[in-house]
Amino acid sequence: MRFGAHVSIANHLYDAVDRAASIGCDAMQIFPGNPRGWHSSYFDLADLDEFRRRRELADIRPLVIHLPYLVNLGAPTNRVFEASIAATKDSLAKAVLVDADFLVVHVGSHVGAGREYGLQRINAGLKEVLTSDFGRAKLLLENTAGAGFTLGSRLEEIAEIVNDLDKDPRLGICLDTCHAYAAGYDLSDPATLDDFIKKLDDLIGLDRIGVIHANDCRGTLGDHLDRHEQIGHGAIGRDGFRAILKRPEFQEMTFIIETPRPEAGDDIRNLEVLRSLAGIAESPT
Ligand SMILES: [Zn+2]
Ligand SMILES: [Zn+2]
């Protein structure tokens, strides 16, 4: 079981490794550039060797790259659709360059054009992306909270996408606990959690889960609001996370936090809480 956080790549790429290590990460997630823009910055080639060296030394793995938020492979307008494919391919090339394990993309939104249309777009977009060199990376589709016209909040929908791409082995999923709860899956309840995991295994296969985004949820069950909360302080709660972390299916899994940081030390605390709920560390003071 490994735990990590989303860290900044500001300044030098290798600084991200030091940031991750300093807060107690075994794994890390980064953006390939500005998370709110289209154009990801170029990783400085001169930094790559040092990045690799520090990552090996700190034993930080897996390495996850999260695509910028503007990317929408379900977009009806050609401009956004094409830019999304280009950004995904660009990030994938970077993932190969830095030897990342996973590239995470939100499933996308049909923006009012209808579910079927959106799923067709996503299928066409992913098909195009799958013509690229993946190296050893996998593309993980992240389940969404299902706000507005967002697709991929239901497990059935993600399964449909994967099945329509002939179950390509390079495709996996990133399971976000907050998004699942907001989408209506009550992960705070052990019986529902059990059903959810069985369903996930039946429809998609547990072996496709690359990472779990461990976020508590500030909203209510099924409200479709994507609002992350500190671990233990939201609707999933400490008992909910304890049950998730104790699941036998997840004992080899990587959990990455994307929790709010109103105060310095929040990441450190959330990682400590997760480890203590998993029973592999003392509970934080
Ligand atoms: Zn997430
Ligand atoms: Zn979210």
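Note that these values count all heavy atoms, side chains included, but never hydrogens, waters or copies made by symmetry. One-based numbering along the sequence shown. Order of appearance sets the numbers: ligands from 1, and atoms from 1 within every ligand.
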Metal proximity, His213 vs the Zn ion (ligand 1), N/O/S cut-off 2.8 Å: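 So His213 does bind the Zn ion (ligand 1) by this criterion.
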Under 2.8 Å: N/O/S of His179 next to the Zn ion (ligand 2):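 Short answer: yes, at least one N, O or S atom is under the cut-off.
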Contact flag Asp226/the Zn ion (ligand 2), N/O/S atoms, threshold under 2.8 Å: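 For Asp226, the answer is yes, given that an N, O or S atom comes within less than 2.8 Å of the Zn ion (ligand 2).
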Of all N, O or S atoms in [X], identify the one at the shortest distance from the Zn ion (ligand 1).
X	value
Asp176	OD2
Glu142	OE2
Glu258	OE1

Check: His6 ring centroid to Phe31 ring centroid under 6.0 Å: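 For His6 and Phe31, the ring centres are under 6.0 Å apart.
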His66-His106 aromatic ring centre distance below 6.0 Å: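 Close enough - the centres of the two rings lie under 6.0 Å apart.
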Side-chain donor-acceptor contact under 3.5 Å, His179 with Asp226: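 Their side chains do contain a donor-acceptor pair, which is all the 3.5 Å distance test asks for.
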Given Ile231, Asp216, Leu277, the one that forms side chain to side chain contact (heavy atoms under 4.5 Å, CB included) with Arg238: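 Only one option passes, and that is Leu277.
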Lys NZ or Arg CZ of Arg121 over Phe81 ring: under 6.0 Å, within 45°: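 The answer is yes; both the distance and angle limits are met.
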